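All remarks here apply to the structure that follows.
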Amino acid sequence: MGVKEKLLTVDEREDGGRTAYERFDYQTAWGISKLLDLHDAGLNYAVGFEFHDDVVSLDDADDPTKVIFYQVKTKQTGNWSFARIANRTTVKGVKQASFAGKMYDNFLRFGAVVERLVFVSNQPLPEVILVHGENGFSLAEKEKLKKFIAKLSEEAGGFKDPEHTSLFFFAFSELNLAGYENAILGRIASFLANGVGSHIPPKPFALMLNDYCRRRSKKLADFSSFDELKASKFVTRAEVTQWLTHICGQHERRPDWGSVSNQLNLPFIEKTKIQREWSAYEVAMRARPNAATVAMNERLRKLIDDTIDGADAGMEDLVAFVDAVFALAKPVVRAWKADASDHFVKAAILYEFSP
């Protein structure tokens, strides 16, 4: 059974269900940093959030053959140890799975398609690594590793060394717990500067990524195909490339009211009111480069695209098109700007419709 079939049929151990916020959480920030690394490397990646583990990476978004599971844990102070990672707590007389046990459980569920099981943290694991990077547990001193193997073998029947031990890795995160939000914004700024130019402000793109990845953490809806699963839980190279193209266009383009006005067969006063709100929409959108603005913009453009795709050849003019979009666009725009007038909504439609 291949990766696609495994992902579609293996039940999740835990549900995500978190919501989207303006702020980054550490786990999402690390996942974003990972997908940016994969993007820079030119890989056709797919990175999932809270799907069987904190972060999941597929080697290919379209035809995956390998999966890497990342368990992301933070500590204020102190090093990790094999003993801590393999420790089992007891709750109401029942022994809980250790961190290592949960990691190994992903191998039991997915088998040979698992490439690595990676424990990620902001604090080091001296048995394996003291500086930033990623190393296998197998590199540890044999005596220390033997204790880890013994504890995990006791917890998980069928655990074999070195076959299964070789799957375990530790990644020392470069994101400091106290300043990770600024660090990920800096990482995104560098990513944009190298990819599309330093003139693109990083914050809107960062907030869009954060919002999108957070939404990928929610509990899965029913799905029947790999493409539906990918759309629900993963971020892919194709999506990031599309967003880069879109955000460049958004930053650089300023639609011309004159070219739109010539297509509007409306009374003078009506057209003037829309023109005033056109300017107000442009100012409001550029003054509020946050996740809510990005989300509103995406939803509005999708409504416009859907209306274009669904329109029949008999639609008379641009006014008729705006009227067709208006009822659906109004709640989207007002959720972003509560006092938006009808003319403001129409201006927003025209602005986003314009090439």
Side-chain angles (χ1 to χ4, degrees), residues 12-21 23-39 45-59 66-82 84-87 89 96-107 109-110 114-137 152 167-188 206 209-219 233-235:
E12 287 195 82
R13 181 174 58 244
E14 299 172 352
D15 294 333
R18 292 183 295 137
T19 55
Y21 307 101
R23 295 191 61 186
F24 290 85
D25 66 62
Y26 189 94
Q27 178 179 304
T28 304
W30 187 87
I32 289 173
S33 180
K34 170 56 66 175
L35 73 85
L36 294 181
D37 288 342
L38 295 172
H39 196 97
Y45 59 85
V47 175
F49 291 80
E50 288 199 19
F51 183 55
H52 293 284
D53 220 323
D54 295 329
V55 177
V56 180
S57 175
L58 307 183
D59 62 337
K66 291 292 182 181
V67 185
I68 302 175
F69 294 97
Y70 298 93
Q71 190 160 139
V72 183
K73 301 298 177 187
T74 60
K75 287 175 59 133
Q76 290 287 347
T77 59
N79 297 333
W80 288 96
S81 65
F82 281 155
R84 177 71 182 91
I85 293 173
N87 181 58
T89 59
Q96 306 298 302
S98 66
F99 293 137
K102 290 179 180 179
M103 293 168 70
Y104 181 64
D105 186 60
N106 285 323
F107 172 76
R109 291 163 175 262
F110 285 85
V114 175
E115 180 179 333
R116 295 200 302 278
L117 305 167
V118 186
F119 191 89
V120 181
S121 184
N122 62 306
Q123 299 290 355
L125 175 64
E127 287 98 331
V128 174
I129 194 168
L130 280 169
V131 295
H132 296 297
E134 182 178 311
N135 277 333
F137 282 22
L152 191 50
L167 296 172
F168 282 80
F169 284 73
F170 180 85
F172 189 176
S173 171
E174 295 184 359
L175 299 179
N176 181 278
L177 189 59
Y180 70 88
E181 288 190 272
N182 287 333
I184 193 61
L185 283 173
R187 174 71 178 88
I188 289 171
L209 267 180
N210 183 45
D211 179 69
Y212 195 84
C213 294
R214 286 289 189 94
R215 284 188 276 129
R216 293 295 162 282
S217 299
K218 292 183 178 180
K219 182 174 171 58
K233 297 298 290 184
F234 289 85
V235 181

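The figures here come from the full heavy-atom set of this structure, side chains too, leaving out hydrogens, waters and symmetry mates. Note that the numbering runs from 1 along the sequence shown for the chain. Predicted model only: the values in this text are computed from it and were never measured.
- Rounding to the nearest 0.5 angstrom, the gap separating the CG atom in D59 from the OH atom in Y45 is 14.5 Å.
- Closest approach of A100 to A86, counting heavy atoms only: CB-CA, 4.3 Å.
- Here the straight-line distance linking atom CD1 of I129 with atom CG of N135 works out to 4.5 Å at 0.5 Å rounding.
- Residues N79 and P124 have side chains in contact (heavy-atom distance under 4.5 Å, counting atoms from C-beta outward).
- Here the closest non-hydrogen pair linking L177 and K75 is CD2-O, 3.7 Å.
- In this structure, OG1 on T28 lies 10.5 Å from CG on D211, to the nearest 0.5 angstrom.
- Not counting sequence neighbours, the partners of R116 by the side chain to side chain donor-acceptor pair (under 3.5 Å) test are E134.
- One finds the NZ atom of K102 at 13.5 Å from the CD1 atom of I85 (value rounded to the nearest 0.5 Å).
- By the 4.5 Å heavy-atom criterion applied to side chains, M103 and V114 are not counted as neighbours.
- The list of side chain to side chain donor-acceptor pair (under 3.5 Å) pairs with a residue in residues 119-129, not counting sequence neighbours, reads W80-S121.
- Of the possible donor and acceptor atoms, none in the side chain of D53 sits under 3.5 Å from a partner among the backbone N and O of F69.
- Judged purely by atom type and a 3.5 angstrom limit, Y180 uses its side chain to pair as donor or acceptor with the backbone of F24.
- The distance from atom CD of Q71 to atom NE2 of H52, rounded to the nearest 0.5 Å, is 14.0 Å.
- At least one side-chain heavy atom of F82 sits under 4.5 Å from a side-chain heavy atom of L125.
- Nearest heavy-atom pair across L167 and E115 is CD2-O, 3.7 Å.
- Using modelled atom types, one side-chain atom of Y26 and one backbone atom of L175 make a donor-acceptor pair closer than 3.5 Å.
- Judged by distance alone, the side chain of K73 and the main-chain N or O of V120 form no donor-acceptor pair under 3.5 Å.
- Residues L38 and S57 share a closest heavy-atom pair of CD1-OG, 3.7 Å.
- In this structure, CH2 in W30 is found 9.0 Å from CZ in F49, a value given to the nearest 0.5 Å.
- Using bins of under 30°, 30° to 60° and over 60° for the plane-to-plane angle, the ring pair F137/F168 lands in the tilted bin.
- Residues F99 and R84 are in side-chain contact: their nearest non-hydrogen atoms beyond the backbone lie under 4.5 Å apart.
- In this structure, A29 and I184 approach most closely via the heavy-atom pair O-CD1, 3.4 Å.
- Q27 and V55 get closest at one heavy-atom pair: O-CG2, 4.3 Å.
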